[in-house]
Each structure stands twice: as structure tokens, then as C-alpha cells.
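Some notes on the structure that comes next.
Just so you know, these numbers come straight off a predicted model, no measurement behind them. Computed from heavy atoms alone, side chains included, the values below leave out hydrogens, waters and symmetry copies.
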Amino acid sequence: MIKWIALGVLAAMVLLFMFAPVVAWIIIGLLLLVILVVLFLPIGADVAYIDGQFSLAARADGFAIQLLPKKPEDPNKPKKKKKEKKPKKPKEEPPPQEEKPKEEKKGGFKLDFTLEEIVELIKKVLHGLGKFGKITVRHFMLHYVAAGDDPYQTAVTFNYVNAALSTLAPVCARKFRITGDVDVWTDIDFAADKMKIDAALSATLRIAQFVHVGLAVGFGALGVLIKNRLRLRREARAEKKNKSAEAVDVTETEPENQQTIKAEERKETHG
């Protein structure tokens with residue numbers, strides 16, 4: 001359907017250029033004007049992750065549209081009546097079969113970032129965000145509480161996060177135009193088992209910036225993802241080699257153990 005519409009528009013433009021070139025140029029000029037207006041139209045987003053719940057709202061020229069989570073349906077709104085389905089005839093149940101153990105699927109795309117990779121990814125994203133003009137930030141909030149089973153590792157992670165935030169703060173000041181409030185603080189809780197992160201961001205940019213920023217951020221983050229994938233493969237190969245080496249050690253020690261057992265049995269019988 002879209003193909004035939006495009007062919008029809010193209011044929012109409014060809015006919016206009018043949019018989020009314022002035023009208024054709026006016027139409028093209030209007031289309032270019034509309035595209036320019038749309039490209040410079042400010043759009044934005046409100047993103048938040050608070051108490052384990054993710055929310056997303058899109059903004060365009062002062063209007064906000066809630067995308068996630070979806071609004072619950074009004075209970076007072078009349079529901080559409082569903083057609084009653086005819087009862088189906090009961091099917092004969094097949095004889096029970098023994099359940100086979102499920103095999104673990106190999107492969108797949110697995111991501112397991114280290115703290116260094118996370119900081120590098122954030123730097124790439126920030127570099128891409130500010131490459132084509134500053135993005136206006138109306139509100140930013142980040143609350144981080146370090147926690148875990150190991151107190152020493154918890155303290156190390158807490159210090160690392162503070163150092164990373166100190167490094168990223170001047171980068172954010174250069175890449176963003178902050179017009180609203182900023183609320184950032186970190187804490188540590190040795191009594192808790194899991195860390196807690198609450199974050200919220202409300203930003204605005206032009207559609208032209210959005211296209212350029214998406215390409216810049218995508219290519220920048222792709223390098224970090226490739227490095228992460230290669231590292232995970234190297235770790236998987238090393239783990240496989242260690243397991244095979246342990247298996248070889250076990251098979252080599254088994255004959256020696258059998259000889260010692262036989263020698264002890266002989267001593268017991270002669271003794």
C-alpha cells in the first residue's frame with residue numbers, strides 16, 4: 001500500500017514539473033519548510049527510576065504523554081461485552097510422558113559490566129549528548145546508597161562511585177544547559193544486603209539534535225559493548241580450560257588412589 005502511494009506522489013510531481021513547474025517548486029518549498037520546522041521543534045522526555053519502578057513520559061511543545069507505566073483503566077467506564085464462545089469438545093488427553101530435563105540454551109547475548117565499563121559507557125553517552133549542541137536539563141536527581149554482604153567491597157564500591165561522580169560532574173556541566181534543580185547525594189548502609197538507586201531526569205532537545213545525538217551515542221556505546229562481549233568470551237574460554245585441566249588431574253590421580261587402596265587391602269589380609 002505504501003509503495004503504491006509513493007509511486008502515485010512521484011508520478012504527480014513529475015506531471016507537475018512537466019505542465020506546472022512553478023506550482024511544483026512551491027510545493028517542494030512548502031515541504032522543506034515543514035521539515036525544517038519539525039526538525040527544530042523542541043521535544044523532551046521525563047525518565048525516572050524510583051523504588052524499583054520505571055516511568056517514562058514524552059514531551060513536545062509543552063504537552064506531556066505518559067508512556068510507562070500505562071494508566072489503569074477507569075473502573076466506571078462501561079466494558080465491551082465479549083462474545084460467548086461455544087464450548088469445545090473435550091480432547092482426548094495423550095498418555096503422560098516422562099519429563100526430560102531441560103537443556104540449558106547456549107549462546108545468547110549476555111551483558112555483565114564492570115564498574116570501569118559502566119563509567120566508560122557513561123562518558124561515551126555524555127560525549128555523544130553534547131556533540132551537537134547542549135541539551136536543556138530541567139530536573140536531575142540521583143540518590144545512591146551502597147550496600148552488600150561484604151563490608152570491605154561495599155566501602156570500595158562507595159568510594160569508586162563518588163570518584164566517578166566527581167569525574168563526570170565537569171563533563172555534565174560542559175555538555176548540558178541546566179535550568180532546573182539538581183539533587184545528587186550518596187550514602188552507605190552496611191546493614192542492607194542490596195544497593196539502592198533512585199534517579200530522575202527531565203531533558204529537552206530539538207528533533208535534529210535528537211537524530212544526531214542518537215547516532216553519536218549509538219556508535220560510542222557500540223565500542224563499549226563490543227569490548228564487553230570480547231571480555232566475556234575470554235573469561236568463558238579461560239573457565240572452560242580450567243575445568244578441562246581439573247578433569248585431567250582427576251583422571252590422573254584415580255589410578256594412584258586405586259593402587260594405594262589395593263596395597264592397604266593386602267596388608268589387612270596378610271596382617
Side-chain angles (χ1 to χ4, degrees), residues 39 43-49 52-56 58 67-68 102-137 140-144 146-148 150 153-154 156-177 184 186 194-246:
L39 287 176
I43 61 171
D46 297 339
V47 187
Y49 180 80
Q53 187 175 6
F54 179 78
S55 62
L56 174 63
L67 301 177
L68 292 173
K102 295 182 179 179
E103 297 180 357
E104 294 183 357
K105 294 182 179 180
K106 296 182 179 180
F109 191 71
K110 180 184 176 183
L111 293 176
D112 187 10
F113 290 105
T114 61
L115 290 173
E116 291 81 3
E117 289 174 342
I118 292 173
V119 173
E120 185 181 358
L121 182 61
I122 293 173
K123 286 182 178 179
K124 293 287 186 183
V125 171
L126 291 177
H127 180 71
L129 288 176
K131 198 170 183 180
F132 299 95
K134 289 187 177 182
I135 296 173
T136 302
V137 176
F140 179 71
M141 182 269 288
L142 176 63
H143 296 168
Y144 171 76
D150 187 358
Q153 189 62 37
T154 301
V156 170
T157 305
F158 176 72
N159 293 330
Y160 188 88
V161 169
N162 285 328
L165 290 175
S166 300
T167 305
L168 295 172
V171 179
C172 294
R174 292 194 304 269
K175 303 297 183 182
F176 297 98
R177 183 186 294 107
V184 178
T186 60
K194 293 182 180 179
M195 68 175 181
K196 183 180 178 182
I197 298 177
D198 290 336
L201 172 67
S202 178
T204 306
L205 74 165
R206 310 286 179 182
I207 293 179
Q209 282 180 285
F210 180 76
V211 175
H212 289 104
V213 163
L215 294 173
V217 171
F219 282 110
L222 184 62
V224 180
L225 294 175
I226 290 172
K227 289 180 182 178
N228 174 267
R229 185 67 174 171
L230 293 175
R231 179 181 62 81
L232 291 176
R233 284 185 178 179
R234 286 196 300 269
E235 291 177 357
R237 287 197 209 99
E239 187 178 355
K240 191 175 180 181
K241 286 181 180 178
N242 292 334
K243 286 182 179 179
S244 60
E246 290 175 0

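- Residues Arg237 and Arg234 are in side-chain contact: their nearest non-hydrogen atoms beyond the backbone lie under 4.5 Å apart.
- Applying the side-chain contact (heavy atoms from CB on, under 4.5 Å) test to Met195 and every residue at least two apart in sequence or in another chain returns Tyr144, Ile197.
- Remark: Leu68 CG to Gln53 CD distance equals 10.0 Å, nearest 0.5 Å.
- Remark: Thr154 engages no residue in a side-chain hydrogen bond (donor to acceptor under 3.5 Å, both in side chains) (not counting sequence neighbours).
- Under the side-chain contact (heavy atoms from CB on, under 4.5 Å) criterion, Asn162 pairs with Phe158, Thr186, sequence neighbours left out.
- With sequence neighbours excluded, the residues forming a side-chain hydrogen bond (donor to acceptor under 3.5 Å, both in side chains) with Arg177 are Thr136, listed by chain and number.
- By the side-chain contact (heavy atoms from CB on, under 4.5 Å) test, Val184 is found to be paired with Phe140, Leu142, Leu165, Val182, residues two or more places apart in sequence or in another chain being considered.
- In this structure, Lys196 has no side-chain hydrogen bond (donor to acceptor under 3.5 Å, both in side chains) partners at least two apart in sequence or on a different chain.
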